[in-house]
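In what follows, a structure is listed as structure tokens, so that the remarks can point back to it.
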Protein chains: 2
Amino acid sequence: MDAMTPPLVAHKDRLRLWIRLLRAARVVEGELRERLKTQFEMTLPRFDVMSALYRERDGMLMSDLSRFLLVSNGNVTGIVDRLVSDGFVVRSNREGDRRTSIVRLTEAGEIRFAEMASAHENWIEELLKDISEEDARRLSSMLKAFRSNWEAEH
Amino acid sequence: MDAMTPPLVAHKDRLRLWIRLLRAARVVEGELRERLKTQFEMTLPRFDVMSALYRERDGMLMSDLSRFLLVSNGNVTGIVDRLVSDGFVVRSNREGDRRTSIVRLTEAGEIRFAEMASAHENWIEELLKDISEEDARRLSSMLKAFRSNWEAEH
DNA sequence: GAAAAATACTTCAACCTTGAAAGTTTATGC
DNA sequence: GCATAAACTTTCAAGGTTGAAGTATTTTTC
């Protein structure tokens, strides 16, 4: 064998990273989905919408939700519909623009989300406990930079 | 203000990491989905199944696929059904156990996957280009450790 | 070897998701 | 002002996803 033989599979580091990242995300997401369902009778997509609305107490447009959550418009329509019939969310008309309506949490929605958010935070701490806080911070800022670059390009 | 006042929001590093990781994964996944669709008329779940079968040329059981891809059994049934009608996959009976069948790529499936895999690898390189190879390796091994710990505990 | 348990898979209802098409309303150009 | 474009949302079909229930087969237990 030639001592100078180059590696047969070079520059695959990013591909491997992507695969592992995806699998880790799936594992954690599956666990969260299950706990939300059993402990709060809640789905992950609905939790995500409520989370966005909890940050924006004055409400959001459907398109705001769609953009923020990175999902399609039609998708948000269905999820909000179900949250409305759950009694956690309301659509209210907006003065001066009859195309849009503002989506807000109801009081029941705020109370329920606060409960879930508290549990959710603990679950994440538990599920990611094997990642040191140091690593978490470094990785987190790496991902922030990644996202910033992405936003700048798209 | 008390100089010793502790941070109001401590130990949120992992939560922030999780949120950013999820968003990054969604951005990349959305891009991959769109490219697979427009350039290969292929969905991401079907690509994932073909990818698993390409690694295991002798074929896999449905339950192997389910376990490997981290999705439910019923889900795999549907995706494989569609891949069979696409002509990319076959189910063949297995001697000695009539509960199971071996799922394999057809020759057309192997050829098609090889084309897609090549493009896919380039896409990942492109999409993750802002992550240095050094960072990619470090993060990758961090995620590997995370997954190993997870497996050990579950 | 019959009964019970375990294994492998499919079916199904409910929900999530996308992308395209269509509806409504508002803004723009002339 | 009127036509056109743009913006915002919903609808719909096709597909993905889960978890529970059901079917079939094999293995285990006694």
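To find a chain, count down the sequence lines: A is the first, B the second, and so on, and within it residues start at 1.
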Show me the donor-acceptor pairs within less than 3.5 Å that the side chains of residues 52-63 of chain B make with the rest of the protein, sequence neighbours left out.
| from | atom 1 | to | atom 2 | distance (Å) |
| --- | --- | --- | --- | --- |
| B:Tyr54 | OH | B:Arg57 | NH2 | 3.2 |
| B:Arg57 | NE | B:Tyr54 | O | 2.6 |

**Asked** In whole angstrom, what separates B:Leu83's CG from D:dA14's P?
**Response** 18 Å
**Asked** With sequence neighbours excluded, what pairs up with B:Asp130 under the salt bridge (charged side-chain N to carboxylate O under 4.0 Å, His left out) test?
**Response** none
**Fill in**
5'-most to 3'-most nt of DNA chain C touching chain A (<4.0 Å, heavy-atom partner on protein side) reads C:dC15 to C:dT26
**Message:** Out of the candidates B:Glu125, B:Glu133, B:Glu121, only one should pair with A:Lys12 under the salt bridge (Lys or Arg N to Asp or Glu O under 4.0 Å) rule; please name it.
**Reply:** B:Glu121
**Asked** Any salt bridge between B:Arg46 and B:Asp86, counting N to O under 4.0 Å?
**Response** yes
**Asked** Are OP1 or OP2 of D:dT26 and a side-chain N or O of B:Arg98 less than 4.0 angstrom apart?
**Response** yes
**Prompt:** Is the shortest side-chain N to carboxylate O distance from B:Arg91 to B:Asp81 below 4.0 Å?
**Reply:** yes
Donor-acceptor list for residues 69-77 of chain B side chains, cut-off 3.5 Å, not counting sequence neighbours:
| from | atom 1 | to | atom 2 | distance (Å) |
| --- | --- | --- | --- | --- |
| B:Ser72 | OG | B:Asn75 | N | 3.3 |
| B:Asn73 | OD1 | B:Ser66 | OG | 3.2 |
| B:Thr77 | OG1 | B:Asn73 | O | 3.4 |

**Asked** Looking for any heavy atom pair under 4.0 Å, which part of the strands does A:Gly96 touch: base, sugar-phosphate only, or nothing?
**Response** sugar-phosphate
**Asked** Are A:Val49 and A:Val90 connected in the hydrophobic side-chain network, where two residues link if heavy atoms are under 4.5 Å apart?
**Response** no
**Prompt:** Between A:Glu31 and A:Arg35, is there a side-chain N and carboxylate O pair less than 4.0 Å apart?
**Reply:** yes
**Item:** Under 4.0 Å protein heavy-atom contact, by nucleotide of nucleotides 2-10 of chain D - B base, S sugar-phosphate only
**Value:** -----BSBB
**Request:** Please list residues of residues 34-52 of chain B whose heavy atoms come under 4.0 Å from any atom in DNA chain D, ordered by number; otherwise none.
**Result:** B:Thr43, B:Pro45, B:Arg46
**Prompt:** Charged N to carboxylate O below 4.0 Å: is that the case for A:Glu29 and A:Arg33?
**Reply:** no
**Asked** If you group Ile, Leu, Val, Met, Phe, Trp and Tyr by side-chain heavy-atom gaps below 4.5 Å, do B:Ile19 and B:Leu21 land in one group?
**Response** yes
